[in-house]
Peer 1: 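This is the structure I have questions about; it appears just below.
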Number of protein chains: 2
Amino acid sequence: MSSEKQNTKKEILAITIPLFAKSGYAGVSMRQIAKAVDLQAATLYYHFPDKHTLYIEALTQTFNKHADFMKESFTLQASSEQRLHQVIQQLCTLINGDTDFSKLMQREIMGGDKKRLQFLADHVFAGFFRDMNELCLSFAPDQDPHLMTVSVLGLIAYHFQITPIRSFLPGFQASHNDSEVIANHVFSLLKTVTK
Amino acid sequence: MSSEKQNTKKEILAITIPLFAKSGYAGVSMRQIAKAVDLQAATLYYHFPDKHTLYIEALTQTFNKHADFMKESFTLQASSEQRLHQVIQQLCTLINGDTDFSKLMQREIMGGDKKRLQFLADHVFAGFFRDMNELCLSFAPDQDPHLMTVSVLGLIAYHFQITPIRSFLPGFQASHNDSEVIANHVFSLLKTVTK
DNA sequence: GTCTATAAAGGGATAGAC
DNA sequence: GTCTATCCCTTTATAGAC
């Protein structure tokens with residue numbers, strides 16, 4: 001509790017998260033991490049028992065960061081169309097503002113560890129997903145709510161996933177990387193489903 | 001040209017692709033590959049100069065496999081709505097039938113090597129993407145064609161991306177993993193945009 | 001074309017000084 | 001809490017026999 005060095009652990013995590021997001025667990029060595037944090041590799045083991053624990057803590061922190069949003073994004077009382085619009089905008093802002101979150105999620109899904117996926121589903125997404133199902137049911141009653149929720153999420157997430165390659169694809173304009181432009185586009189698509 | 005051993009190289013690639021897809025470049029060792037192919041690790045170096053080249057060839061083969069579809073999916077002369085329906089179905093079949101393709105693509109995008117992304121964009125997706133832009137323009141003239149193309153692709157791709165975690169999410173039913181069910185859902189969403 | 005053996009480098013992790 | 005030094009294992013890659 002004494003001084004500035006209590007922050008080291010948090011600093012390590014902060015610097016490690018983007019490394020794991022970009023290159024994956026196996027793609028980052030403890031030595032690389034140490035270099036990025038400007039410490040000796042051995043020092044990392046004072047703060048974390050091993051590499052796996054460091055990764056799990058990085059993962060946990062990245063997901064916890066958005067736990068509040070996941071729970072409080074549906075407080076607004078309004079028409080389902082207005083709520084949809086708001087949720088789309090918030091999701092775009094969230095995903096655009098934290099690329100690491102999406103990447104780590106993608107990597108976890110591809111890795112396919114069932115226990116971890118079960119955990120992520122239950123403790124990170126369940127509440128949010130349930131709210132989304134409900135919202136979808138109210139603005140698109142003809143659609144299966146689970147499929148509809150995935151569609152809305154995919155419609156948003158994919159635009160940010162492909163950001164690194166987007167500028168090389170036909171028809172690209174700088175505005176296509178803008179969070180608000182994407183949000184408006186997605187909403188304009190989905191509101192035709194509403195009526 | 002003599003005998004059965006000319007196939008070794010192709011066999012190595014065939015077995016390597018799913019390994020790289022699931023665990024990424026750094027997540028797979030030459031020894032693991034050798035074991036999976038039932039060869040000694042040193043033998044791999046007779047067929048490929050190094051690991052990187054093996055990976056690039058695996059990548060290339062995976063993408064080339066679909067080059068034909070990417071070029072010939074738009075020959076059908078019909079209403080834009082019918083063509084959209086057909087393209088959606090074909091994309092679902094393709095993505096559902098080759099998980100490795102999507103995973104390798106995702107990993108490439110997350111890795112962020114600009115030269116490789118430029119190459120993939122130009123040599124794998126450019127033609128297809130251009131056709132999609134055109135199709136989008138004809139069935140949804142009010143939307144930006146580039147954004148609309150990405151939306152259609154994301155709407156489809158995301159459903160398959162999340163397959164491993166889907167069964168843990170609220171509202172899941174077994175049918176949600178079915179390629180045809182997804183295709184019909186996506187089309188039913190998009191056709192409301194058409195009118 | 002595949003093997004055994006091995007070199008050379010890099011990886012995770014620990015011991016002990018400060 | 002951070003360092004240096006080091007252990008031990010795995011990794012990529014090569015040399016040379018068959």
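Source: prediction; values computed, not measured. Lettering follows sequence order; numbering is per chain, from 1.
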Peer 1: Kindly say if B/Thr43 contacts the phosphate of C/dG1, meaning a side-chain N or O under 4.0 Å from OP1 or OP2.
Peer 2: no
Peer 1: Round to the nearest Å and state the distance from B/Asp38 atom CG to C/dC3 atom C1'.
Peer 2: 13 Å
Peer 1: What is the distance from CZ of B/Phe48 to P of D/dT12, rounded to the nearest Å?
Peer 2: 15 Å
Peer 1: Send over the distance from B/Gln40 CD to D/dC18 P, rounded to a whole Å.
Peer 2: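 Value for this atom pair: 17 Å.
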Peer 1: What I want to find out is whether B/Arg116 reaches B/Glu108 closely enough, with some N-O distance under 4.0 Å, to be called a salt bridge.
Peer 2: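 A salt bridge is present here (some side-chain N lies under 4.0 Å from a carboxylate O).
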Peer 1: What integer distance in Å separates A/Leu44:CG from C/dG12:P?
Peer 2: 10 Å
Peer 1: On the side chain of A/Arg31, is there an atom forming a donor-acceptor pair with the base of C/dG10 - under 3.5 Å, no angle test?
Peer 2: no
Peer 1: Has B/Phe119 got more than 12 heavy atoms of other residues, nucleotides or ligands less than 6.0 Å from its CZ?
Peer 2: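 Open: at most 12 neighbouring heavy atoms sit under 6.0 Å from CZ of B/Phe119.
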Peer 1: Give the intermediate values and the outcome of side-chain contact (heavy atoms from CB on, under 4.5 Å) for residues B/Ile182 and A/Val150.
Peer 2: CA-CA 10 Å; B/Ile182 294 171; A/Val150 175; over 6 Å; no
Peer 1: Does B/Tyr45 place a side-chain N or O at less than 4.0 Å from the phosphate oxygens OP1/OP2 of D/dA13?
Peer 2: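 Looking at the OP1 and OP2 atoms of D/dA13, one of them is under 4.0 Å from a side-chain N or O of B/Tyr45.
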Peer 1: Nearest of D/dT14, C/dA13, C/dG11 to any side-chain atom of A/Asp50?
Peer 2: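 Taking heavy atoms from C-beta onward, the closest nucleotide is C/dA13.
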Peer 1: Which listed nucleotide (D/dG1, D/dA13, C/dT2) is nearest to the side chain of B/Lys51?
Peer 2: D/dA13
Peer 1: Does the side chain of A/His66 come under 3.5 Å of the side chain of A/Asp98 through a donor N or O and an acceptor N or O?
Peer 2: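 Looking only at side-chain atoms, A/Asp98 and A/His66 do form a donor-acceptor pair, the distance falling under 3.5 Å.
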Peer 1: Rounded to the nearest angstrom, tell me the gap between atom CD in A/Gln32 and atom C1' in C/dA9.
Peer 2: 14 Å
Peer 1: Determine whether more than 12 heavy atoms belonging to other residues, nucleotides or ligands lie under 6.0 Å from atom CD of B/Gln143.
Peer 2: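 Buried by this count: over 12 neighbours within 6.0 Å.
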Peer 1: Is the phosphate of D/dT2 approached by A/Tyr46 (side-chain N or O, under 4.0 Å from OP1 or OP2)?
Peer 2: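 So the side-chain polar atoms of A/Tyr46 never come under 4.0 Å of the phosphate oxygens OP1 or OP2 of D/dT2.
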Peer 1: Does B/His52 make a side-chain N or O approach to OP1 or OP2 of D/dT12 shorter than 4.0 Å?
Peer 2: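 B/His52 to D/dT12 OP1/OP2: no side-chain N or O under 4.0 Å.
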Peer 1: Quickly work out the B/Leu54 CG to D/dT11 C1' distance and round it to whole Å.
Peer 2: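 From B/Leu54 CG to D/dT11 C1': 15 Å.
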Peer 1: According to a strict under-4.0 Å criterion, is B/Ser29 in side-chain N/O contact with OP1 or OP2 of D/dT10?
Peer 2: no
Peer 1: If you assign each of B/Met30 and A/Ala41 to its closest nucleotide in DNA chain D, which residue comes earlier from the 5' end?
Peer 2: A/Ala41
Peer 1: Please tell me which of the listed nucleotides, D/dG1, D/dC3, C/dT2, lies nearest to the side chain of B/His47?
Peer 2: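 Given the options D/dG1, D/dC3, C/dT2, the side chain of B/His47 is closest to C/dT2.
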Peer 1: For B/Val28, which contact category applies under a 4.0 Å heavy-atom criterion: base, sugar-phosphate, or nothing?
Peer 2: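 Since only primed, P, OP1 and OP2 atoms lie under 4.0 Å of B/Val28, the category is sugar-phosphate.
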Peer 1: Nearest of D/dG1, C/dA15, C/dT2 to any side-chain atom of B/Thr8?
Peer 2: C/dT2
